[in-house]
Amino acid sequence: CANTYYPTNNGASCATCASKKCSTCDSTSGVCSACQTGYYLKDGACPDCTNSIPNCDTCDAKTGTPCSKCDANYFLESTTKCTACSSKTNCMTCSQTSNACTKCELGNYPDGASCKLCNTITGCTTCSQTAKTCTKCASGYYLSGGACTKCSDTITNCNICSSATKCTTCANTYYPTNNGASCSLCTSKKCSTCNASSGVCTACQSGYYLSSGSCPSCANKMAKCVT
C-alpha cells in the first residue's frame, strides 16, 4: 500500500496506519514503524517533536532527540533546547538550525550569535540589518563594497570625499585638483584656507594678512606686529 496505509482484508483493501503521522507501519497490525518529519516514534505512535523538546520543529525520528530544527522565531541553543530569538539583545529573527541571529534591530548587524552596533564597523553610521555591511559612512570616509575607507588613506590631505577618486574638501592649506583626485597646496604657503577651484588664498594663518590672494607677514604692514 501507499505510505501511511497497510494491507487489510487479506490484501483486498488498504487501511490507514494506527497513527495519522506514520510514514510507514507494520503490514499486518498497522502499528507505526516510522514517522513523518516533525514527529518521532514512541510506543507505536507518532507524537510531535515539541512533546520531546519544547518548540522543536524537527527531531530524531526514532527517539525524539536530538532536535535539528526549531520552530520559527526560535534558535537551536543546544541539541536539546530551543530558545526564543527575542532572548538575544536586539535580535529580530534567528536561524532555526543554529544559534545565529539573522536579522537585528535598526542600527545593528548580525555577527554570529549576537547583534552589534553599526558604529563598531570602522567609519560606519548606518548598516544592513541582515549582514555586516555598511550602507552609509561618517564624514571623512567613503563607502566601497559595504565598508568605509578613510578619505586621506586614498587621497593624501583629503578631509571629505565622495569616492576613492573624488575629494570635495581638502585639509587646511590644500585644495582639490585633478577633478578631486588629488589635493594640492594653496598658492600661498601661509594660507589657512583657499578657493576650492583656483587655490587662491581666502584666509591666512595667524601672523599674516590677506592681500590680493596672498599672505604677507603682519610685520610687513606694521613693524614688530606679530598678529
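Atoms considered below: every heavy atom in the structure, side chains included; atoms not considered: hydrogens, waters and symmetry mates.
Put simply, the residue from C183, C158, C151, C161 that forms a disulfide bond (SG atoms under 2.5 Å apart) with C167 is C158. Among C91, C85, C115, the one residue that satisfies the disulfide bond (SG atoms under 2.5 Å apart) test with C101 is C91. Among the candidates C148, C134, C118, C137, the single residue satisfying the disulfide bond (SG atoms under 2.5 Å apart) test with C124 is C134. For the disulfide bond (SG atoms under 2.5 Å apart) with C56, the lone residue among C67, C49, C82 that qualifies is C67. Only one option out of T130, N90, T120 pairs with Y109 in a side chain to side chain donor-acceptor pair (under 3.5 Å); it is T120.
A donor-acceptor pair is defined here as one N or O able to donate and one able to accept, closer than 3.5 Å; such a pair exists between the side chain of S95 and the backbone of S98. For the pair T135 (side chain) and S128 (backbone), a donor-acceptor distance under 3.5 Å is absent. With hydrogens and angles ignored, the 3.5 Å screen pairs no side-chain donor or acceptor of S29 with any backbone N or O of D26. At distances below 3.5 Å, not a single donor-acceptor pair connects side-chain atoms of D48 with backbone N or O atoms of N51. For Q205 (side chain) and S192 (main-chain N/O), no donor-acceptor pair under 3.5 Å exists by modelled atom type.
Under the 2.5 Å SG-SG cutoff, C1 and C14 qualify as a close cysteine pair.
Judged purely by distance below 3.5 Å, without hydrogens or angles, the side chains of T202 and T193 pair a donor atom with an acceptor atom. Using modelled atom types and a 3.5 Å distance limit, the side chains of S52 and T65 yield no donor-acceptor pair. When only modelled atom types and interatomic distance are considered, S68 and T58 share no side-chain donor-acceptor pair under 3.5 Å. Between T177 and S182, the side chains place a donor N or O and an acceptor N or O closer than 3.5 Å (distance only, hydrogens not considered).
The distance from atom OH of Y208 to atom OG of S188, rounded to the nearest 0.5 Å, is 9.0 Å. Going from atom CD1 of I155 over to atom CD1 of I160 covers 12.0 Å, rounded to the nearest 0.5 Å. Within the model, atoms CG of N108 and SG of C127 stand 7.0 Å from one another, a figure rounded to the nearest 0.5 Å. Distance check: S19 OG to Y39 OH gives 9.0 Å after rounding to the nearest 0.5 Å. Note: L41 CG to C22 SG = 7.5 Å, rounded to the nearest 0.5 Å.
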Can S217 and N220 be said to form a side chain to side chain donor-acceptor pair (under 3.5 Å), step by step? CA-CA 5 Å; S217 172; N220 289 359; 4.7 Å; no
Apply the test side chain to side chain contact (heavy atoms under 4.5 Å, CB included) to residues Q129 and L106: give CA-CA distance (whole Å), side-chain angles for both, the deciding distance (0.1 Å), then the verdict. CA-CA 6 Å; Q129 291 174 258; L106 193 66; 3.7 Å; yes
Assess the residue pair M92 and E105 against the criterion (side chain to side chain contact (heavy atoms under 4.5 Å, CB included)); give the C-alpha distance rounded to whole Å, side-chain angles, the decisive distance to 0.1 Å, and a yes or no. CA-CA 6 Å; M92 296 176 69; E105 297 283 356; 3.8 Å; yes
Using the rule given for side chain to side chain contact (heavy atoms under 4.5 Å, CB included), can you reason through N157 versus C170, listing the C-alpha separation, both sets of side-chain angles and the distance that settles it, and then say yes or no? CA-CA 6 Å; N157 296 308; C170 296; 5.5 Å; no
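When side chains are defined from C-beta on, T16 does not count as touching Y6, because their heavy atoms never get closer than 4.5 Å. Contact annotation: the side chain of K42 approaches that of P47 to within less than 4.5 Å [non-hydrogen atoms, C-beta and beyond]. You'll find the side chain of C194 stays beyond 4.5 Å of the side chain of V200, heavy atoms only. Considering only heavy atoms from C-beta on, T125 comes within 4.5 Å of K136 through its side chain. Within the 4.5 Å cutoff, no side-chain heavy atoms of K20 are placed close to those of T4. The shortest distance between side-chain heavy atoms of K81 and I53 does not fall below 4.5 Å.
Heavy-atom minimum distance, L210 versus C201: CD1-O, 3.6 Å. Here the closest non-hydrogen pair linking T187 and S198 is CG2-O, 4.1 Å. C35 approaches A45 most closely through the heavy-atom pair SG-O, 4.0 Å.
Qualifying salt bridge (charged side-chain N to carboxylate O under 4.0 Å, His left out) partners for D111, counting only residues two or more places apart in sequence or in other chains: K116. Applying the side-chain contact (heavy atoms from CB on, under 4.5 Å) criterion to D71, with sequence neighbours excluded, gives T50, N55, D57, Y74.
For the pair K88 and F75, the cation-pi test (distance below 6.0 Å, angle within 45°) is passed.
The local environment of CG in N9 is crowded, with over 12 non-hydrogen atoms from other residues, nucleotides or ligands closer than 6.0 Å. Applying the 6.0 Å contact sphere to OH of Y209 captures more than 12 heavy atoms from other residues, nucleotides or ligands.
Legend: salt bridge (Lys or Arg N to Asp or Glu O under 4.0 Å) pairs involving residues 147-176, not counting sequence neighbours: none detected.
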